[in-house]
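A short write-up of the structure that comes next.
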Protein chains: 2
Amino acid sequence: MKLISQLSKETGIPIGTIRFYEKSGLISGQTKKEVTTNNYVYYDEETVEKLRFIQMSKAVGFTLAEIKEVIDAWYKKQLTKKAKIDVLNKKLLQIEEKMKELRAVKKQIAICKHNIEHEMEP
Amino acid sequence: MKLISQLSKETGIPIGTIRFYEKSGLISGQTKKEVTTNNYVYYDEETVEKLRFIQMSKAVGFTLAEIKEVIDAWYKKQLTKKAKIDVLNKKLLQIEEKMKELRAVKKQIAICKHNIEHEMEP
DNA sequence: GACAAGTATGCAGTATACTACATAGTTTAA
DNA sequence: TTAAACTATGTAGTATACTGCATACTTGTC
């Protein structure tokens, strides 16, 4: 079990941002009932995985709301099996779309680079 | 030569957003000097290409500032050949990084889906 | 036991990317 | 020729995702 500063160290995500994610319902830790002197929140390894997932998903253009959908499909007990599968299938389609767009952007930049390399300089 | 509403129709980008992009220096149209009764701005086919590039780049997580760097490398005359190539190479690396992240997210979601499909429902 | 460092809470402020609205002038179709 | 539709400009407001600050309590170290 880790405290928030260790979570931050392991993922590189600022403490303030982690708190923001917790407030947004993306992650959640728990206080230890046996400790009564403070209300420090402890996080498990799963939270680290979630944070890494959030980092990557954000990098490829997913919003926190979209990421939350997936995390809920993964971890929330109250959703039906069908609802979860539907969410995940939708995400997989979005990912295919992003892959296409990424390849298109790459191609465009490669062409641009080629043109610049072969153009005559004044 | 197209007016802004046609640009919007062709790309699906709202007029307000196109104006915002122009104000941000991502695209630019020109007024026709021979027309003196108004100051309507006309855009060429290149602008449509730029807008499509912006759409795709945004979808895969690039910011407008990052996209502007590439567009400037493409179209601005005042940058040196070396500066342009440097920007484009940096972008190509970022794209490779995003491809990795996209594959990792896809894999994670596929595993998640598999687990849900094979779990016992209560 | 003092004091730096860590933690929790809440609220205000910032950056990015729009989005809406008001105003005013222009073009076009009936 | 008049009304609908289009255009330009400017300003304000919104959503998302943080980021910083103030306050207060707790823990660990010398």
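When reading the values below, keep in mind they use all heavy atoms of this one structure, side chains included, and skip hydrogens, waters and symmetry mates. If you're wondering where the values come from, they're calculated on a predicted model, not measured in any experiment.
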**Asked** Does B:S5 have a side-chain nitrogen or oxygen under 4.0 Å from the phosphate oxygens OP1 or OP2 of D:dT7?
**Response** yes
**Message:** Can a donor-acceptor pair be found, under 3.5 Å and without considering hydrogens, that links the side chain of B:D44 to the backbone of B:T47?
**Reply:** yes
**Prompt:** Would you say a side-chain N or O of B:K23 is under 4.0 Å from OP1 or OP2 of C:dC18?
**Reply:** no
**Message:** Please confirm whether the shortest side-chain N or O distance from A:R19 to OP1 or OP2 of C:dA8 is below 4.0 Å.
**Reply:** yes
**Request:** Could you pick out which residue, A:L64 or B:I4, lies toward the 5' side of DNA chain D when each is mapped onto its nearest nucleotide?
**Result:** B:I4
**Prompt:** Do B:K50 and B:Y75 meet the cation-pi criteria used here (NZ or CZ under 6.0 Å from the six-membered ring centre, within 45° of the axis)?
**Reply:** yes
**Message:** Just N and O in the side chain of A:N38: are any of them under 4.0 Å from OP1 or OP2 of C:dA8?
**Reply:** no
**Prompt:** Do the side-chain N or O atoms of B:S24 get closer than 4.0 angstrom to the phosphate oxygens (OP1, OP2) of C:dA17?
**Reply:** no
**Asked** Does B:K113 use its side chain to pair, donor to acceptor, with the backbone of A:N89 at less than 3.5 Å?
**Response** no
**Message:** If the cut-off is 4.0 Å, is B:N39 near the phosphate of D:dT9, judged by side-chain N/O to OP1 or OP2?
**Reply:** yes
**Request:** Ignoring backbone atoms, test whether A:T17 places a side-chain nitrogen or oxygen under 4.0 Å from the OP1 or OP2 oxygen of D:dT19.
**Result:** yes
**Prompt:** Any side-chain N or O of B:Y21 under 4.0 Å from OP1/OP2 of C:dC18?
**Reply:** yes
**Prompt:** Looking only at side-chain N and O atoms, does B:K58 come under 4.0 Å of OP1 or OP2 in C:dC18?
**Reply:** yes
